Structures are given as structure tokens and as C-alpha cells.
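Data first, discussion second: the structure below is written as C-alpha cells.
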Amino acid sequence: MSFHAHLRCGAGCEGLLAPDEPVHLCPSCGGLLEVVHELAPLRERCPAEWTRLFDERTRRTAWPYGSGVWGKKEWVAPWVADENVVSMVEGGTSLLWAERYGRALGLGELWVKQCGNSHTGSFKDLGMTVLVSTVKQMIADGKPVRAVACASTGDTSASLAAYAAAAGIPAIVLLPRGQVTTAQLVQPLASGATVLALDTDFDGCMAAVRRLAADAGLYLANSMNALRLEGQKTVAIEIVQQFDWQVPDWVILPGGNLGNVSALGAGFELMRELGVTTREPRICVAQAAAANPLYEAYRRGWARVEPQVARPTAASAIRIGNPVSAARAVRALRRVDGLVEQASEAELADAAARADRTGLYACPHTGVAFAALEKLVARGVIGPRDRVVVLSTASALKFTELKVGYHEGTLADVPSPRHANRPIELSSDPAVISDAVRRALDTAAATAAATDAATRR
Ligand SMILES: *Cc1c(COP(=O)(O)O)cnc(C)c1O
Ligand SMILES: [Zn+2]
């Protein structure tokens, strides 16, 4: 099969590797690899031909192109033969107009890209389909891969385990014991993965899996693996496609290991290089204040990203103190005049709950992004006419514990939740019930009036 994509050392070592070689780090310096696509062959199709091709494939059944990732296969992972693609029809998630929440903030165009509406409930599926498909291809070609392995804050392992199970490949996942939600723990268990719950944090699990992956036969599936970023970059392409190939002004996303922002930036860059678009959006990475190494680096004028010990946060998927993709994330952000914001536990929980009051049901990481958005609007960095996209990274249904704690008022870090809503417990007496409903409707009317007044301010 002929294709024009290679693996190259991100630090500049000589030489190119095939993307289906079972290596995930530079053989010379041990640094991160990146996938490079030769642009000349891709330029043989003009921009209008590409957009027509992608539009024709979207959400159809011709294998494997109905997937949001594989519909862009030539730009993503042309090295995988169609019969080795392991797809759960990932991508194609809704880009919804958050009209009421946006208006409450004074924005005409706030959009939410619902990446959590994916097979395992997070954007991780976009990258995992490319990685596991490539592994299936390696095994078909007789390369010595026995299993895939990852360290995870929850969503990576859920995704890896499901895709590996679909392909019949063994999966080994390392989780920080007691630091992932019940839903996230049961996902890899249900998929039959070997789950190791370690007495350490995510960064400790990462160090352990890197040692394991040095053994031949275990293929590392963390986002330091460049293949995942190729799948994840399709979210940028999909957003632009959903705006009829127009580029938004801003994209805001939560960041932990910083693979996703690197991938997002790569997607926008590729579209511009191929002439499909003429500009790129500004990007804001939102971090939890409890795990904010990128924010600290940004605040000090893009100083070096110093590793820190991440503290507990409800945004558990971004509780990462030593982000693997920091360097590529900084490169992407600086290219697009990007910036970094942070949110405290109360800010992220209140922002998620405020968005929920407009029907969104946001996960805590999306809450971090919403809190950052509110700050940027308040500072006038984002203006009322800007078209803003917030990447919602996971389904909030995985994070029920936080929602329950918020509404019950039992979160230690959120002593006075501003949007808490408790069940009204009553007898079944009809008079008592109708009285309670009357009072609830009066309160609702007063709240709506206050929201509308805030909008007009
Ligand atoms: C993985 C994850 C993130 C962070 O993505 P990075 O690539 O590690 O920056 C954010 N939100 C959720 C829900 C995630 O699962
Ligand atoms: Zn190198």
C-alpha cells in the first residue's frame, strides 16, 4: 500500500519511520515522535474536492468512512488498510448552539462541541480508533505486539479497553487507585482489560507504564503516542466542516496532558496549509487551579513548563502535574496567539452548574472551560460578536458523584454552591403538592427574570 505519512522525531533527529512500526519514541534520543503528512500528494486534490468528499462521507455507512475520523482517512491514517480499521463510528458529534447560556454571558454565538457523545463517552475515542487500528495492522503484518497498555485518569483506559476488546487485542491499564469515578473504573473492567489500581497518582502510573512499555510486546497507548493525536485532530476539521467550512474565532478546551490542544492546533494548521481555510482560531487552554503547570508557564511569559504535584480536583481527568505534550502544546498555542486560563474548584463547579441550568449537563472539565470562558468575556478578551466553541470533552454521566455532591452541598471545596437544586420531599397530600408546585413556579419566574436582566446588562 502506498501512502505519504511518516513518523519523525519532534526534536529534529534524522530519519523517518513508518507509522506502523511498533515504536512510540525516537530511537535516537527517546523524545516524542510526530506524524508528518507529505502535503504535495494531498494538494493534488483541490480544497473544494476535499470538502465535497468529506461532506459526502459524513455519517454514511460505507466502511469505514461514516466515522468522523475515518471519513478524513487520507489526512489522518492512510497507512491502515480498511479491513484493519477498528471503529465504533466515533466523531460526528453534535456542535450545538448554546443559545441561552451564551446570551446570559452576552455572547451571540456560543457553541459547544459535544465530544462526550461518543462511544465510550469522551473525545479519547477519536485517537484510540487510530491507535488500535494501527496495532491491528501491525499484528496482521506479523509485528511482535502482544498487548496495548496505558496509564489513565479514567477516560483513556475506558476508550483503549473498548477498542482493544472490539479488536480482540489484550489491554492493560494502570489507574491511580481511588482517583477515577465509579463509571470510569467499571468501563475497562467490563471490556475485560487487566486493570491495575496503583497506590500513586496519574503521573506515578505514567512512569510505571513507561517502564513496562520498554518491554518488547507491549505497545504504549498514552497520548505521547503520536498516532492518537492524528485521530484527535479531526475535531478541528469537524468543527470547521459543521460551520460550512468557516473557522470560528475562539476554541476553549480543558487541558491536562496537553495532547488534545496539540492535536486541535495541528488540525487547524493542516486545513490552512491545504487551502481549505485561510486562518486559524485563537485557542484557550483551561486548567484546574489544582493542576496548572501550563497556566503558570503562560503567566510567566511562556516560561518553561515546570512539573508540579497535581492536587485533587473534581476535574479528575486533568489532574496532571507533568504534561507529556507540554512542548507541542506551547508551540501550537503560540502559533495562534493562544492563551491559558485557570479555574478554582468552586468556579468550575458553579460554571458547570450554571450551564446545566440552560440544559447542557456539563462534565467538570467542561466546567473548567466554561469558567475560563466567563473570565475571558468579563475581561473583554472575547467580544459579544465572537464565534466561540467550547470543547466539551466527556459526558457528564461519568461524573455523577460531583453533580450529586454539588447539589447536596457536600463538596468540601464548594461550600456555597450557587445553583444547587434539591428534591422537595413531601407527603402525597394533593393540597401539599399543588402548594409546593405553585411556590416552585413563582421562584422559577423570579430566577428567569433575573437571568434575562443579567443578559441585558
Ligand atoms: C483526557 C481528558 C482531558 C485532557 O486532555 P489532554 O489531552 O490530556 O490535555 C480533558 N477532559 C477529559 C474529559 C479527558 O478525558
Ligand atoms: Zn530524536
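For clarity, every value in this text was computed on a predicted model and none was experimentally measured. Each ligand, and each atom within it, is numbered from 1 in the order the structure gives.
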Flag for Asp125-Thr120: side-chain donor and acceptor within less than 3.5 Å | yes
Cationic tip of Lys403 within the cone over Tyr361's six-membered ring, i.e. under 6.0 Å and within 45° of the normal?
-> yes
Check each protein residue for a heavy atom under 4.0 Å from ligand 1 and list those that pass, ordered by chain and number.
-> Phe123, Lys124, Asp155, Gly255, Gly256, Asn257, Leu258, Gly259, Asn260, Ala317, Ile318, His365, Thr393, Ala394
With no hydrogens and no angle check, do the side chains of Gln287 and Tyr298 hold a donor and an acceptor under 3.5 Å apart?
-> no
At the Zn ion (ligand 2), SG of Cys9 and SG of Cys13 open up to roughly (10° bins) 110°
Any donor-acceptor N or O pair under 3.5 Å, side chains Asp20, Gln137 | no
Carboxylate-amine/guanidinium contact Glu280 Arg335, below 4.0 Å | yes
Which value, rounded to 10°, describes the SG(Cys26)-the Zn ion (ligand 2)-SG(Cys29) angle?
-> 110°
Side chains of His6 and Glu38, donor plus acceptor under 3.5 Å = yes
Please determine if Arg387 forms a cation-pi arrangement with Phe243, meaning its NZ or CZ atom is less than 6.0 Å from the six-membered ring centre and no more than 45° off the ring axis.
-> yes
